[in-house]
Amino acid sequence: MLDIPATTIPFLAAYAETHFRFFPLFPSVLYKREPEIVFDLPRRLNPGEDLPISLLTNDIHRFPIEPDIVSVTISERSHKPLLFKFNDLQQFEIDHPLKKQLRAFVMTISREKLPEGEFFVNATVTYRKGRSVKTVLNDNFFASSKLPFTCYNSSNPLPCSDLCIYGDLHMHSMYSQSHVEFGPPLRVIDLMASASGLSFAGITDHSYDLACSISDYLKQDQSLTRWKSLSEDFKERFITTMLQGEEITCLNSRNQAVHLGALGLREYIPGAIDGGRRKSRELFKQLTISQAVDEVHRQGGICFAAHPGARSGLLQQIFLHRGIWSIKDCETDLDAFQAYNSGYYGSWDRGKELWIKMLQSGRRIPLLAGNDAHGDFNRYRAIAAPFLRIYENSERFMGCGKTGLYTTESSEASIINCIRNGKTFVSTGPYISINYSSLPGSHAISSRNIDSSTRELYVHAVSNPEFGQLIEIKVLACSAGSTSERVIFSRSCQPGTYEFNESFSVQDSYKPGYIRTEVTSKGNPLHRQAFSSPCFLQ
């Protein structure tokens with residue numbers, strides 16, 4: 001294996017840490033002698049929620065500043081903008097253990113003062129640096145767009161939230177701090193997730209970051225101070241259910257690094273080979289996928305293949321020893337599969353293909369969704385080219401792809417049991433389920449067998465004006481031993497359809513095997529989709 005040098009950086013991550021250089025005078029157009037200054041806010045507001053706006057200032061121990069006044073402009077098409085000012089920012093500051101390195105502020109605007117539907121937000125902060133007074137619009141990254149944030153003030157909750165709960169199961173906090181990235185405190189994640197309608201959040205900070213010194217992220221810390229501090233943070237009371245976990249680096253069948261998501265952990269699990277620090281292998285044993293899975297289960301947690309369709313770039317393969325998930329790697333005792341990570345694009349297509357192969361081989365493995373967000377509550381911001389360019393993606397943010405659970409109970413135990421029992425779906429908008437009867441709450445989707453006497457099931461789909469009208473519903477089946485799925489039910493919806501509920505027959509030819517369903521809605525301008533986990537036939 002490679003001995004990873006400390007100066008190796010994993011390209012593409014967010015928020016963008018712009019102060020790292022190979023040596024003090026190394027050229028970087030991104031580098032500034034001031035902290036990273038980043039505003040953020042949720043992409044949508046659930047009914048009854050006020051608008052939280054966060055401000056992070058990172059690396060303040062190196063570049064101290066004093067934020068003074070925040071001004072927020074709310075605008076919508078054909079209407080006069082609204083201006084809100086926040087003075088005395090200390091009253092809005094979030095307390096957390098890393099305040100000497102990163103300050104976090106959350107200002108709130110009452111829902112009553114906001115327009116309905118889509119609106120746009122610009123935020124500026126005036127700050128003092130020595131004798132100078134400066135102003136930053138939205139962020140201070142070199143060559144970033146500075147475009148307004150978009151938010152949707154919804155009059156509807158997320159579809160069928162009285163029958164299910166939604167969350168994001170792959171998120172990073174301020175403890176994922178390294179050469180190219182940093183994140184927000186847990187309290188900020190909690191406020192943003194709750195405002196946007198999420199009931200739970202999986203905090204899966206990198207195993208290689210959690211083993212680093214709090215004072216110097218390039219140094220390994222065998223005493224695990226960072227992990228212990230994160231564990232203490234989880235003792236707070238949150239609005240949303242915050243699940244403690246890790247994104248564990250482990251070795252695949254080719255002895256390359258891949259990532260395993262884990263939730264419900266109480267002890268640190270090592271994995272540092274692709275973290276870009278020296279002596280990683282000397283301080284912590286590098287586990288295989290199987291060994292990491294066994295350790296997660298020993299702690300009573302659950303684990304899933306994290307973004308299994310993702311492909312590493314050439315530099316990541318060479319310097320960070322990163323590989324890909326293969327069908328052989330999926331033969332381990334995984335609890336779930338996070339095929340959705342950053343939209344229904346290439347990574348999703350490859351991950352979905354692996355997932356279907358697992359189902360066809362007889363595995364009962366549910367789908368999960370996450371967005372790999374480091375904050376990124378409104379849009380994804382990352383280093384696209386080291387030292388040269390910032391990358392932004394307005395279609396990737398916390399809660400863009402959601403994991404839906406067929407339960408209304410949001411305790412940690414209930415969430416973990418729902419995932420373990422396969423009662424999940426993934427969605428970028430609409431709700432989808434397969435039911436035992438015309439009652440929409442009688443969910444049939446789980447890892448257990450449907451009763452052999454069942455002759456009829458119902459597909460239930462729901463959307464709303466926020467996510468667009470339903471346009472197509474499909475049910476697919478695959479019998480045991482087959483290597484292909486077939487469409488057994490398909491409907492195109494009439495214009496203006498926001499709820500669909502129709503029966504289909506369960507043929508003996510499907511048994512034994514599985515059934516799953518998909519739905520598409522059309523918003524403005526995007527199509528939204530949802531994919532259910534399977535239900536299984538004896």
Side-chain angles (χ1 to χ4, degrees), residues 2-38 56-65 98-104 127 129-130 132 134 136 138-146 172-184 205-206 208-221 226 249 257 272-280 283 312-322 372 374-376 380-393:
L2 297 176
D3 185 16
I4 308 300
T7 51
T8 301
I9 59 176
F11 308 104
L12 274 182
Y15 291 132
E17 158 63 73
T18 61
H19 293 140
F20 177 79
R21 295 189 291 183
F22 289 133
F23 49 83
L25 297 180
F26 190 89
S28 169
V29 299
L30 300 178
Y31 184 88
K32 293 182 179 181
R33 298 190 62 81
E34 58 184 41
E36 290 96 356
I37 301 173
V38 182
L56 301 187
T57 58
N58 185 53
D59 281 348
I60 56 171
H61 59 304
R62 297 174 60 188
F63 309 102
I65 64 168
L98 305 187
K99 280 179 64 174
K100 292 183 178 179
Q101 301 172 24
L102 180 146
R103 294 182 73 183
Y127 65 92
K129 182 182 178 183
S132 302
K134 297 184 178 182
V136 164
N138 296 338
D139 65 61
N140 69 337
F141 295 141
F142 175 79
S144 63
S145 69
K146 308 295 187 293
H172 295 269
S173 77
M174 64 184 179
Y175 292 98
S176 286
Q177 181 188 52
S178 68
H179 326 52
V180 292
E181 61 199 0
F182 62 96
D205 287 309
H206 300 124
Y208 49 74
D209 288 330
L210 290 170
C212 289
S213 165
I214 282 183
S215 60
D216 185 350
Y217 54 63
L218 290 178
K219 293 182 179 179
Q220 295 288 298
D221 174 20
R226 191 178 289 264
T249 294
I273 191 172
D274 63 340
R277 280 88 167 185
R278 286 193 178 95
K279 299 184 179 179
S280 297
L283 294 178
S312 300
L314 180 61
L315 293 177
Q316 291 179 324
Q317 295 174 37
I318 294 172
F319 292 109
L320 300 182
H321 206 56
R322 285 187 177 167
D372 214 347
H374 295 244
D376 304 311
Y380 187 78
R381 291 179 272 204
I383 294 177
F387 316 112
L388 295 175
R389 188 165 61 89
I390 293 291
Y391 165 76
E392 295 175 277
N393 186 344

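- Put simply, the side chain of Glu181 never gets that close to the backbone of His374: no donor and acceptor are under 3.5 Å apart.
- Proximity of a side-chain donor or acceptor of Lys146 to a complementary backbone N or O of Phe141 within less than 3.5 Å is detected.
- Under the 30°/60° scheme for interplanar angles, the aromatic rings of Tyr380 and Tyr391 are found to stand perpendicular.
- Using a 4.5 Å heavy-atom cutoff, the side chains of His206 and Asp274 are not in contact.
- Smallest separation of non-hydrogen atoms from Ile390 and Ala16: CD1-CB, 3.7 Å.
- Scanning for side-chain contact (heavy atoms from CB on, under 4.5 Å) contacts around Glu34 gives Lys32, Tyr127, Lys129, Lys134, Asn140, with sequence neighbours left out.
- When every heavy atom of Val29 is checked against every heavy atom of Leu388, the shortest pair comes out as CG2-O, 3.2 Å.
- Put simply, the side chain of Gln101 gets close to the backbone of Ile214: a donor and an acceptor are under 3.5 Å apart.
- Using a 4.5 Å heavy-atom cutoff, the side chains of Cys212 and Gln220 are in contact.
- Residues Ala385 and Leu30 share a closest heavy-atom pair of O-CD1, 4.4 Å.
- With contacts defined as side-chain heavy-atom distances shorter than 4.5 Å, the pair Asp209/Tyr217 does not qualify.
- Two residues are said to be in side-chain contact when any heavy atoms from C-beta on lie closer than 4.5 Å; Ile37 and Ile65 meet this criterion.
- To the nearest 0.5 Å, the span separating CG on Asn58 from CE on Met174 amounts to 11.0 Å.
- The ring-ring contact (aromatic ring centres under 6.0 Å, His included) search around Phe63 returns His19, not counting sequence neighbours.
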Report the C-alpha distance between Thr18 and Glu36 in whole Å, list the side-chain angles of each, state the deciding distance to 0.1 Å, and finish with yes or no for side-chain hydrogen bond (donor to acceptor under 3.5 Å, both in side chains). CA-CA 7 Å; Thr18 61; Glu36 290 96 356; 3.3 Å; yes
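- A salt bridge is defined here as a Lys NZ or Arg NE, NH1 or NH2 lying under 4.0 Å from an Asp or Glu carboxylate O, and Arg226 with Asp221 fails to meet this definition.
- The CD1 atom of Ile60 sits 10.5 Å away from the NZ atom of Lys100 when rounded to the nearest 0.5 Å.
- Atom CG in Leu210 sits 6.0 Å away from atom OG in Ser176 (nearest 0.5 Å).
- Inter-residue side-chain proximity for His172 and Asp376 is flagged as unmet; no heavy-atom pair is nearer than 4.5 Å.
- Atom CG in Asn393 sits 12.5 Å away from atom CZ in Arg381 (nearest 0.5 Å).
- Contact of the Phe182 side chain with the Leu56 side chain is registered, since non-hydrogen atoms from C-beta on lie closer than 4.5 Å.
- Considering only heavy atoms from C-beta on, Phe387 comes within 4.5 Å of Phe22 through its side chain.
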